[in-house]
Amino acid sequence: MQSPVEQVFREEWASAVAILTRALGDLELAEDAVQDAFATALERWPRDGAPRRPGAWIVTTARNRAIDRIRRERVFRRKAELLARLEELPAEESDLSAVPDERLALVFTCCHPALAAESRVALTLREVGGLTTAEIARAFLVAEPTMAQRLVRAKRKIRAAGIPFRVPPDHLLPERLRSVLTVLYLVFNEGYAATAGAEHVRGELCDEAIRLAKLLAVLMPDEAEVFGLLALLLLQDSRRAARVAADGELVLLEDQDRSLWDRGRIDEGRRVLGRAVGLGAVGPYQLQAAIAAAHVESRAWDEIALLYDRLVALDPSPVVRLNRAVAVALAGRVDEGLELIDGLEGLEAYHLLHAARADLLRSVGRREEASVAYREALRLTGNEAERRYLERRLLEVS
């Protein structure tokens with residue numbers, strides 16, 4: 001069971017960091033102040049009891065800790081500037097209700113395209129998700145000091161490059177929103193099918209991506225693709241319990257025990273997809289969610305291939321075209337699917353291309369070619385569950 005401080009950390013971290021960042025114009029300093037506030041809470045709350053409005057208490061305490069830190073600044077000009085900014089924040093907890101929710105600006109800051117993709121993902125998990133540096137390092141299989149340095153560099157680049165802490169203006173919003181959605185999708189994908197390590201599924205990352213997507217949907221209730229992404233994540237995650245057997249072996253979609261699928265997730269995903277469709281023009285995430293819903297409903301592969309046709313028209317990326325090729329093959333046009341796969345460029349190092357090609361070659365009895373493709377997929381994958389699956393398949397065609 002979570003302690004009161006742990007629960008408040010999960011619920012209030014992003015909001016507190018966002019409010020302090022807006023006041024200070026410095027994400028790194030804001031995070032340090034909020035960390036100080038939570039350290040104080042860990043010391044005082046068990047003794048004195050949790051405050052009536054814990055989120056406001058954290059912000060007020062963080063403000064005071066920031067003032068203490070800034071007063072130790074040696075550069076007078078910076079000290080005066082930052083103290084003046086903090087004066088804009090109420091000094092009393094009771095006055096904080098008038099402070100606007102800045103979490104949306106924090107999301108866009110963490111996902112700014114000027115930052116490297118891996119930094120955007122890590123920073124979003126840290127500042128918006130509230131994950132610790134150690135948790136993020138474990139999720140991406142890097143040493144904690146390495147991840148800490150990555151986060152520090154990202155925060156300093158935000159300051160040095162003058163990346164604004166704001167929701168982008170309307171003319172920039174579509175492009176910038178794509179970056180935000182991509183980051184959340186990358187977080188989910190790393191949980192859905194880990195790139196390396198013993199675990200194929202990392203449920204905590206799937207849960208965090210869904211939680212962040214729900215937050216974004218609350219903050220941007222008129223954006224169809226936000227709901228499209230959320231629907232996709234919910235529908236994909238509904239199969240989590242059936243995707244890996246009790247012995248850790250990978251279970252393909254067609255072999256999964258559907259009684260293990262999460263009906264609550266499926267129903268919620270369908271409702272959210274309906275909301276997305278009702279908001280306007282269909283985008284790539286809505287189409288991917290529709291494909292996920294089609295799998296849940298066991299619709300025919302030719303119908304799924306048609307959905308992929310529409311998706312490729314919007315997003316002709318190599319991975320989407322690979323998925324379309326597989327759907328075409330499973331719809332009974334194996335030769336056409338293989339021809340499409342063989343015509344793809346840019347995925348030579350993508351193990352799933354070779355695995356998909358191997359499975360299709362195996363299905364039509366081209367065992368020697370399948371064996372070569374399975375070996376290449378094995379060479380490229382770093383996930384243990386996928387390796388065991390590919391090794392079994394290789395034995396079957398050898």
Side-chain angles (χ1 to χ4, degrees), residues 101 103-113 117 120-121 124 128 166-189 192 206 209-238 265-297 299-328 331 340 344 346:
D101 189 330
R103 286 176 297 175
L104 188 55
L106 181 61
V107 170
F108 278 97
T109 300
C110 291
C111 298
H112 196 282
R120 286 181 239 164
V121 173
T124 300
V128 185
R166 66 178 185 186
V167 178
D170 288 347
H171 70 283
L172 293 178
L173 188 57
E175 176 187 353
R176 291 287 304 282
L177 180 58
R178 281 195 294 274
S179 177
V180 172
L181 297 178
T182 298
V183 166
L184 298 188
Y185 192 41
L186 287 171
V187 172
F188 179 83
N189 277 347
Y192 185 76
C206 294
I210 290 170
R211 190 180 77 85
L212 293 176
K214 286 184 174 181
L215 170 63
L216 195 62
V218 169
L219 297 173
M220 304 187 75
D222 298 321
E223 290 292 338
E225 277 289 78
V226 172
F227 287 91
L229 175 65
L230 177 56
L232 171 62
L233 304 191
L234 289 166
L235 290 165
Q236 293 282 67
D237 193 57
S238 69
R265 280 274 205 251
I266 291 170
D267 292 343
E268 185 180 7
R270 284 170 167 163
R271 288 196 303 272
V272 173
L273 179 57
R275 171 76 180 271
V277 172
L279 283 171
V282 174
Y285 287 112
Q286 293 168 69
L287 281 170
Q288 289 182 72
I291 290 166
H295 285 309
V296 166
E297 295 159 4
R299 286 160 63 184
W301 275 104
D302 55 353
E303 293 182 57
I304 294 172
L306 288 173
L307 287 171
Y308 270 114
D309 289 344
R310 294 179 63 192
L311 180 58
V312 167
L314 294 178
D315 178 11
S317 66
V319 171
V320 171
R321 288 161 55 209
L322 170 61
N323 291 336
R324 175 181 175 269
V326 172
V328 166
L340 289 169
L344 290 173

### Message
Check whether S179 reaches the backbone of C111 with its side chain - one donor and one acceptor, N or O, closer than 3.5 Å.
### Response
yes

### Summary
One should read off an interatomic distance between I266 CD1 and R271 CZ, to the nearest 0.5 angstrom, of 12.0 Å

### Query
Going by heavy atoms in the side chains, are L216 and L181 under 4.5 Å from each other?
yes

### Query
Under the side chain to side chain contact (heavy atoms under 4.5 Å, CB included) criterion, do D267 and R270 qualify, and how do the steps go?
CA-CA 5 Å; D267 292 343; R270 284 170 167 163; 4.1 Å; yes

### Query
Do you know which of D315, L287, I291 makes side-chain contact (heavy atoms from CB on, under 4.5 Å) with R310?
L287

### Task
Give, for atom CZ of R211 and atom CG of L184, the distance between the pair rounded to the nearest 0.5 Å.
11.0 Å

### Query
Do M220 and L173 have side-chain heavy atoms sitting under 4.5 Å apart?
yes

### Query
Rounded to the nearest 0.5 Å, how far apart are CZ of F188 and CG of L229?
9.0 Å

### Query
Can the ring centres of Y285 and Y185 be said to be less than 6.0 Å apart?
yes

### Message
The criterion is side chain to side chain contact (heavy atoms under 4.5 Å, CB included); which residues satisfy it with L340, sequence neighbours excluded?
### Response
R324, A325, V328, E336

### Message
Within the 4.5 Å heavy-atom criterion, are L232 and Q286 side-chain neighbours or not?
### Response
no

### Query
So Q236 and R265, side chain to side chain contact (heavy atoms under 4.5 Å, CB included) or not? Walk me through it.
CA-CA 9 Å; Q236 293 282 67; R265 280 274 205 251; over 6 Å; no

### Query
Under 3.5 Å, is there a donor-acceptor pair between the side chain of E268 and the main chain of A231?
no

### Message
Any heavy-atom pair between the side chains of C110 and L106 that's under 4.5 Å?
### Response
yes

### Query
Between F108 and R176, is there a cation-pi geometry (under 6.0 Å to ring centre, at most 45° from the normal)?
no

## Note on the structure
CD (E223) and CG (L230) are apart, to the nearest 0.5 Å, by 14.0 Å

### Message
Assess the residue pair D237 and I210 against the criterion (side chain to side chain contact (heavy atoms under 4.5 Å, CB included)); give the C-alpha distance rounded to whole Å, side-chain angles, the decisive distance to 0.1 Å, and a yes or no.
### Response
CA-CA 9 Å; D237 193 57; I210 290 170; 3.8 Å; yes

### Message
I need the L307 CG to N323 CG distance, nearest 0.5 Å.
### Response
12.5 Å

